[in-house]
> 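I'd like to ask you about the structure that follows.
Hydrogens, waters and symmetry mates are skipped; everything else that's a heavy atom, side chains included, is used. No experiment lies behind these values; they were computed from the predicted model shown.
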Amino acid sequence: MNSKHTNPFNAVVVVASLGYFVDIYDLILFNVVKKSSLTALGVAENLIDQEGVMLFNLQMFGMLVGGLLWGILGDRRGRVKVLFGSILLYSAANIANAFVTDLTTYGAVRFLAGIGLAGELGAGITLVSENMSKEKRGLGTMILVTFGALGAVFAFVVSEFPGLTWQHSYMIGGGMGLLLLLIRMGTLESGMFKSMHHSTVKKGDFLSLFTSRERFFKYLNCILIGLPVWYVIGLLIALCVTFAKATGVTGEVSTGKAVMFAYIGLSVGDLISGLLSQFMKSRKKVVYIYLTLCAVLSATFLFVTGLSTSAFYTLCLLLGVGTGFWALFVSIASEQFGTNIRSTVTTTVPNFVRGSVWPITIGFQYLSPAVGVIAAASVVGVICIGLAFVATLSVKETFGKELDYVEG
């Protein structure tokens with residue numbers, strides 16, 4: 001039996017946290033520089049939201065593809081190899097993004113960046129979960145996600161820094177990724193993975209998730225729990241300018257600033273949810289609390305009118321807090337499955353949730369002309385949050401569960 005870390009501030013957690021920081025910086029950067037970059041490429045102001053959704057969806061589709069690729073490789077070749085491969089790809093893509101001159105190339109590069117970005121969180125969470133004691137691993141994943149969420153804040157700070165353009169923002173993201181590669185050179189592989197490496201058990205078998213009714217619904221429920229997070233981030237916050245106009249917010253609203261406040265809130269929310277989970281010795285009870293908070297705050301965001309810009313940004317921050325169960329959601333997914341398929345699940349689940357931005361935004365755009373943006377967002381929100389409640393009821397509690405086993 002491999003010894004496990006009990007101190008959450010160990011080298012594995014620190015390096016994984018730095019990686020997720022860079023990952024979130026690059027993931028969110030497009031929404032931060034969307035207006036400036038598309039304007040520079042000649043897109044008319046009235047088409048920026050439309051073209052922005054298309055490009056963001058391409059990035060998220062890339063994350064769906066990457067989730068499958070890196071997740072399977074993580075179970076077959078190792079968690080650390082995935083960390084190296086994924087960060088190399090998205091760093092190169094973000095540097096290339098600084099040199100795009102048309103929408104077609106922009107879309108292709110965001111797709112490739114999405115593939116690369118898909119590997120970071122799942123491999124990091126899997127490594128932390130398998131290298132820490134079952135009683136303390138929740139603290140490790142809490143630190144990883146709490147610190148990583150601040151990457152979005154840094155993206156906004158860089159984008160607003162005097163003298164820096166949107167091209168510089170992409171190049172800085174790529175440069176941070178390449179620097180992280182050097183820092184990661186000494187990262188140790190998971191002991192659980194190494195002990196399984198030479199066994200005959202089938203590893204990274206994605207299709208096995210669909211050959212058992214119980215396994216399939218367990219996997220599906222893990223995905224559905226995370227839908228409200230990207231309903232808030234990918235729709236309400238990403239299109240905050242549209243909603244601000246619809247609710248009569250006084251003054252001009254900046255998407256970049258809204259993203260920054262939402263991710264500050266997300267970081268705080270993940271810290272609180274992680275500590276609550278340790279105190280209550282439960283993942284599910286804390287998720288119920290956060291889903292309720294998310295529902296109340298989403299309704300407030302959509303139906304309270306006449307806010308000042310400062311009050312609106314405060315609401316964005318609170319929405320971030322209300323969706324700060326991302327670490328718990330990914331931990332629940334990781335803890336539901338055995339070592340031979342854990343990386344596949346832990347990497348694909350959050351990326352399928354991120355990819356849900358595609359149907360979420362398409363559903364919103366389909367409903368909006370008929371019922372208006374507020375009603376359309378409300379319908380989509382009720383579906384996302386409702387499904388998450390049902391899914392949380394359906395999965396098993398995993399706090400303190402032993403993870404050193406394989407799926408048959």
Side-chain angles (χ1 to χ4, degrees), residues 20-36 48-49 52-53 56 142 145-162 164 166 169 172-173 226 228-274 290-291 293-327 354 357 360-361 373-374 377 381 385:
Y20 192 46
F21 179 93
V22 177
D23 177 271
I24 289 294
Y25 174 97
D26 289 329
L27 174 63
I28 294 302
L29 184 59
F30 170 71
N31 276 330
V32 174
V33 300
K34 175 176 65 178
K35 185 174 182 179
S36 58
I48 284 176
D49 269 355
V53 167
F56 192 58
M142 174 197 74
V145 175
T146 298
F147 180 75
L150 296 177
V153 179
F154 188 59
F156 175 76
V157 171
V158 170
S159 72
E160 295 291 308
F161 198 84
L164 296 183
W166 63 272
S169 295
I172 288 170
V229 178
W230 276 90
Y231 161 70
V232 169
I233 298 299
L235 182 66
L236 300 188
I237 299 299
L239 299 182
C240 64
V241 173
T242 299
F243 294 114
K245 289 177 181 176
T247 56
V249 172
T250 57
E252 186 177 353
V253 168
S254 159
T255 301
K257 193 172 288 188
V259 168
M260 180 190 72
F261 281 111
Y263 267 86
I264 291 173
L266 194 66
S267 182
V268 172
D270 274 308
L271 178 62
I272 295 171
S273 67
Y290 271 71
L291 288 176
L293 185 60
C294 180
V296 171
L297 290 169
S298 296
T300 304
F301 182 88
L302 292 171
F303 292 103
V304 173
T305 58
L307 293 175
S308 64
T309 51
S310 59
F312 183 80
Y313 289 136
T314 301
L315 188 52
C316 290
L317 184 145
L318 293 174
L319 265 175
V321 175
T323 54
F325 61 96
W326 187 248
R354 288 161 167 170
V357 168
I360 285 171
T361 52
V373 295
I374 299 298
I385 297 172

> Roughly how far apart are Leu164 CG and Ile172 CD1, rounded to 0.5 Å?
5.0 Å
> Does the pair Ser169 and Tyr25 meet the rule for a side chain to side chain contact (heavy atoms under 4.5 Å, CB included), with working shown?
CA-CA 10 Å; Ser169 295; Tyr25 174 97; 4.0 Å; yes
> Decide side chain to side chain contact (heavy atoms under 4.5 Å, CB included) for Leu307 and Leu315; before the verdict, give the C-alpha distance in whole Å, the side-chain angles of both, and the deciding distance to 0.1 Å.
CA-CA 10 Å; Leu307 293 175; Leu315 188 52; 4.0 Å; yes
> I want to check something: taking the side chain as every heavy atom from C-beta on, are Leu291 and Phe325 in contact at a cut-off of under 4.5 Å?
yes
> For Thr255 and Leu239: C-alpha separation, side-chain torsions, deciding distance, then whether side chain to side chain contact (heavy atoms under 4.5 Å, CB included) applies.
CA-CA 7 Å; Thr255 301; Leu239 299 182; over 6 Å; no
> Can you find a pair of side-chain heavy atoms, one from Leu302 and one from Leu236, that are under 4.5 Å apart?
yes
> Is any side-chain heavy atom of Leu266 closer than 4.5 Å to one of Val321?
no
> Search all heavy atoms of Val304 against all heavy atoms of Thr247 and return the closest pair with its distance.
O-CB, 3.7 Å
> Could you go through Phe154 and Phe21, starting from their C-alpha distance and side-chain angles, then the distance that decides it, and tell me whether this counts as side chain to side chain contact (heavy atoms under 4.5 Å, CB included)?
CA-CA 9 Å; Phe154 188 59; Phe21 179 93; 3.6 Å; yes
> Drop me the distance from Leu29's CG to Trp166's CH2, to the nearest 0.5 angstrom.
10.0 Å
> Checking Thr146 side chain against Leu271 main chain: does a donor-acceptor pair fall under 3.5 Å?
yes
> Would you please name every residue forming a ring pair (Phe, Tyr, Trp, His ring centres under 6.0 Å) with Tyr263, sequence neighbours left out?
none
> How far does CZ of Phe56 sit from NZ of Lys34, to the nearest 0.5 angstrom?
9.0 Å
> Which pair of heavy atoms, one from Ile24 and one from Ala152, lies closest together, and at what distance?
CG2-N, 3.5 Å
> Write down the atom of Cys294, the atom of Ile385, and the distance for their closest heavy-atom approach.
SG-CD1, 4.1 Å
> Any idea how Phe312 and Phe301 line up, ring-wise: parallel (<30°), tilted (30 to 60°), or perpendicular (>60°)?
tilted
> I'd like to know if the side chain of Ser159 reaches the main chain of Val33, judged simply by a donor and an acceptor atom lying under 3.5 Å from each other, with no hydrogens or angles considered.
no
> For the atom pair SG (Cys316) and CD1 (Ile264), what is the distance rounded to the nearest 0.5 Å?
11.0 Å
> Kindly give the heavy-atom pair with the smallest separation between Phe156 and Ser254, and that separation in Å.
CE1-OG, 4.5 Å
> How many angstroms lie between atom CD1 of Ile374 and atom OG1 of Thr305, to the nearest 0.5 angstrom?
10.0 Å
> Closest approach of Val253 and Val241, non-hydrogen atoms and distance?
O-CG2, 3.6 Å
> Once you round to the nearest 0.5 Å, how far does CD1 of Ile233 lie from OG1 of Thr323?
5.0 Å
> Evaluate the side-chain proximity of Ser298 to Tyr231: yes if any heavy-atom separation is below 4.5 Å, no if none is.
yes
> Please check this pair: side chain of Tyr290 against backbone of Gly269, looking for a donor-acceptor N/O pair closer than 3.5 Å.
yes
> Given 3.5 Å as the limit, does a donor-acceptor pair link the side chain of Asp270 with the main chain of Met142, or not?
no
> Measure across Gly234 and Thr361 and return the closest heavy-atom pair with its distance rounded to 0.1 Å.
O-CG2, 4.0 Å
> For the residue pair Trp326 and Trp230, categorise the inter-ring angle as parallel (less than 30°), tilted (30 to 60°) or perpendicular (more than 60°).
perpendicular
